[in-house]
Amino acid sequence: MPCQVYINGKFYDQQDARISVFDHGLLYGDGVFEGLRSYGGKVFRLERHLDRLWDSARAILLEIPMSRDEMGQAINESLANNAIEDGYIRALVTRGAGTLGLDPNRTSDPQVVIIAQNIALYPDEFYENGLEIITVSVVRNHPEALNPRIKSLNYLNNILAKIEGLRAGCVEALMLNHRGEVAECTADNIFLVSDSALLTPSVDAGILEGITRDAVIELAKQAGIEVREQTLSKHDVYTADECFLTGTAAEVVPVVKVDSRRIGDGKPGPITGDLKDRFHRLARS
Ligand code: PMP
C-alpha cells in the first residue's frame with residue numbers, strides 16, 4: 001500500500017516524496033536514523049528512540065532541526081495519516097544537500113524524513129522452530145572508527161555481513177568485534193542462556209544498545225532470572241543452552257543453530273519462550 005511520507009513538516013504521496021541527490025545522506029551516508037514499532041497505533045518506547053536519535057545526531061555533530069516533542073508528534077501524525085495500527089516507522093535525519101565534497105559545513109538544511117508502513121513480520125515458522133544463523137567474516141565496526149552505538153545512515157558494515165549470511169542461506173548473521181568477541185547480529189542483539197542465567201554482550205563490546213535488548217533485560221530481572229552483560233566468545237555460543245535475538249522488528253526470535261552446530265537440544269528453549277511471551281505482552285499492553 002502506498003504511504004504518505006513526512007518530509008520537513010509536510011506529507012507527500014510516496015511517489016512524490018523526494019530529497020536532493022546532493023544530500024550528504026545519499027552521497028556519504030551522513031545522517032542518523034531510528035526504526036520504531038507501533039502496536040495498536042501507539043509507538044513502543046518512543047522516548048527511548050528519541051533519546052537514541054538525539055544521541056546519534058550529537059555523536060556525529062548533526063543538529064536536528066526540530067524539538068524532540070515535534071519529532072514525536074510528527075511520528076504519531078505519520079501513523080495517524082496512514083491509518084497504521086501495527087506499524088514499522090523509519091525516522092531519519094540527513095546532513096542535507098551540499099557540494100560534492102565531504103565538508104558538512106557546505107551543506108544546508110538537514111532533512112527530516114519519516115516513513116510509516118504496516119509491519120512485515122517474520123514468518124511464524126521462525127518463532128516456532130527457531131532460526132539458523134552463521135558467524136560471518138565481516139568484523140563489526142571498531143568503536144573508535146565508527147561506533148556501533150551510533151545508528152548512522154551508513155549501514156554498509158551490517159549489509160556486508162547480511163550478504164554473507166544470505167549467501168549461506170541465513171536471514172541473520174552473527175558479527176564478532178575486532179577482538180574476536182561476540183558483538184551482535186546485522187540488525188538484532190544476541191542473548192544466550194547458560195545454566196539458567198541470561199548472558200549478553202555489554203555495550204562496550206561495540207554494539208547498538210537495542211531498545212528491545214533493554215526491555216528484555218528488565219523483563220528477565222523482573223522474572224527473577226540472573227542477567228549478566230559480559231564478554232562472550234563463540235565457544236560460549238556453541239555451548240549455550242539457548243540462544244535468541246532481539247530487535248524492534250523481530251521482537252524476540254529463537255536461534256537453534258549457529259555455524260551448523262545445534263544450540264542446546266536444537267529447539268527453542270523454555271527461557272527464550274518465556275521472555276518472548278513476556279515481551280509480546282509488554283509491547284501490546
Ligand atoms: N543491532 C543493530 C545493528 C540494529 O540495527 C538493531 C535494530 N535497530 C538492533 C541491534 C536492535 O535494536 P532495537 O531493539 O532498538 O531495534
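In listed order, ligands and their atoms are each counted from 1.
Short contacts between ligand 1 and T248, defined as distances under 4.0 Å to a heavy atom of the residue, involve ligand atoms 13 (P), 14 (O), 15 (O), 16 (O). Interface atoms of ligand 1 facing G247, defined by a heavy-atom separation under 4.0 Å, are 11 (C), 14 (O), 16 (O). Atom numbering of ligand 1 starts at 1 in the shown order; those under 4.0 Å from a heavy atom of T186 are 3 (C). Of all atoms in ligand 1, listed by their number and element, those nearer than 4.0 Å to a heavy atom of E184 are 1 (N), 2 (C), 3 (C), 10 (C).
Where the criterion is an N or O separation shorter than 3.5 Å, residue side chain and backbone included, N158 fails it with respect to ligand 1. Looking at K151 next to ligand 1, an N or O pair under 3.5 Å apart turns up. Considering backbone and side-chain atoms together, H49 places no N or O closer than 3.5 Å to any N or O of ligand 1. Considering backbone and side-chain atoms together, I211 places an N or O closer than 3.5 Å to an N or O of ligand 1. For T246, no nitrogen or oxygen atom sits less than 3.5 Å from a nitrogen or oxygen atom of ligand 1, counting backbone and side chain alike. Not one N or O of E209 is nearer than 3.5 Å to an N or O of ligand 1, by distance alone.
A187 counts as a contact of ligand 1, since one of its heavy atoms falls under 4.0 Å from the ligand. Using a non-hydrogen distance threshold of 4.0 Å, D214 does not register as a contact of ligand 1. Residue-ligand proximity: R140 is placed with a non-hydrogen atom under 4.0 Å from ligand 1. For the ligand labelled ligand 1, residue R37 lies outside the 4.0 Å heavy-atom shell.
Screening N157, T186, N177 for a side chain to side chain donor-acceptor pair (under 3.5 Å) with R140, the sole residue that qualifies is N157. Of the listed residues (E218, E229, E184), just one forms a salt bridge (Lys or Arg N to Asp or Glu O under 4.0 Å) with R213, and that residue is E229. Just one residue in the list I19, V21, L153 forms a side-chain contact (heavy atoms from CB on, under 4.5 Å) with L26, and that residue is V21. With respect to R95, the salt bridge (Lys or Arg N to Asp or Glu O under 4.0 Å) criterion is satisfied by exactly one of D103, D109, D30: D30.
Under the 6.0 Å cut-off for aromatic ring centres, Y127 and F244 do not qualify, their centroids lying 6.0 Å or more apart. Less than 6.0 angstrom separates the ring centroid of Y155 from the ring centroid of F33.
The pair E34-R52 meets the salt-bridge criterion, since a charged nitrogen lies less than 4.0 angstrom from a carboxylate oxygen.
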- Query: Passes side-chain hydrogen bond (donor to acceptor under 3.5 Å, both in side chains), E242 versus T272? Steps please.
  - Reply: CA-CA 7 Å; E242 300 179 32; T272 302; 2.7 Å; yes
- Message: Is there a side-chain hydrogen bond (donor to acceptor under 3.5 Å, both in side chains) between E226 and S196? Walk through the geometry before answering.
- Response: CA-CA 8 Å; E226 185 194 346; S196 303; over 6 Å; no
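Of the heavy atoms in L208, only side-chain atoms (C-beta onward) come closer than 4.0 Å to ligand 1. Under 4.0 Å from ligand 1, not a single heavy atom of R48 appears. The residue I207 has no part lying near ligand 1, judged by heavy-atom distances below 4.0 Å.
Nearest to atom 12 (O) of ligand 1 among the protein's heavy atoms is G210 CA, 3.4 Å. Scanning the protein for heavy atoms near atom 14 (O) of ligand 1, the closest one is T212 OG1, 2.6 Å. Ranking the protein heavy atoms by distance from atom 5 (O) of ligand 1 puts Y155 OH, 2.5 Å first.
Within the 3.5 Å criterion, the main-chain N or O of I163 finds no donor-acceptor partner in the side chain of R167.
Atom CD of E63 is surrounded by 12 or fewer heavy atoms from other residues, nucleotides or ligands within 6.0 Å.
Tracing side-chain contacts under 4.5 Å through hydrophobic residues (I, L, V, M, F, W, Y), one never reaches I217 starting from V253; they form parts of separate clusters.
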